[in-house]
Visitor: 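Input: one structure, supplied below.
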Amino acid sequence: MRAFSNILIAAGCMAALCGACCIDSPGPYSYTAGIACVTGLAIAGAGYLIRVADGRIRDRRKSDFYTYRHREKSDLEYIDI
């Protein structure tokens, strides 16, 4: 998942860079370049969000492993009714 997010970030940044370089073109080309720039930034943002979510999932797996699986029998308390 991390490699996929890196690819999205790189592709989005390249699209935004190409759009930003062509933003001063005459006529409707400048609008197209602006749309390409915004789209590239959105793609790069999505890649960053995937990277952050993947990091949180990995951290949660580590913390859950140490909290839920290493419970000893002495930690359990039986209640008699």
Side-chain angles (χ1 to χ4, degrees):
M1 196 61 111
R2 192 171 185 100
F4 180 67
S5 69
N6 287 339
I7 291 170
L8 278 180
I9 291 171
C13 287
M14 289 302 294
L17 182 68
C18 289
C21 288
C22 299
I23 200 81
D24 60 349
S25 299
Y29 298 115
S30 65
Y31 297 120
T32 306
I35 291 170
C37 184
V38 170
T39 304
L41 290 175
I43 291 170
Y48 179 73
L49 288 176
I50 290 172
R51 178 187 282 185
V52 169
D54 185 45
R56 287 185 182 178
I57 289 171
R58 287 182 185 191
D59 290 343
R60 178 174 279 170
R61 282 184 186 166
K62 286 181 185 177
S63 68
D64 287 350
F65 178 76
Y66 288 115
T67 56
Y68 294 123
R69 297 187 187 222
H70 289 286
R71 203 179 270 176
E72 296 179 10
K73 290 185 179 182
S74 61
D75 293 339
L76 298 177
E77 187 174 321
Y78 296 104
I79 300 173
D80 293 331
I81 298 179

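As the structure is a prediction and not an experimental result, all values here were calculated from the model.
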Visitor: Check Ile9 against Ala44 and note the closest heavy-atom contact, atom names and distance.
Guide: CG1-O, 3.7 Å
Visitor: To the nearest 0.5 angstrom, please state how far the CG atom of Asp54 sits from the CG atom of Leu49.
Guide: 12.5 Å
Visitor: Testing the basics here: between Ile43 and Leu8, what is the closest heavy-atom pair and its distance to 0.1 Å?
Guide: CG2-O, 3.6 Å
Visitor: How long is the gap from CZ on Arg58 to CZ on Arg2, to the nearest 0.5 Å?
Guide: 6.0 Å
Visitor: Please name the pair of heavy atoms, one in Cys22 and one in Ala33, separated by the smallest distance, quoted to 0.1 Å.
Guide: O-CB, 3.5 Å
Visitor: Between atom CE of Met1 and atom OG of Ser5, what is the distance when rounded to the nearest 0.5 Å?
Guide: 8.5 Å
Visitor: Determine the minimum heavy-atom distance between Ser30 and Ile23, stating which atoms define it.
Guide: CB-O, 3.3 Å
Visitor: Which atom pair, heavy atoms only, marks the closest approach of Pro26 to Tyr29?
Guide: O-CD1, 3.4 Å
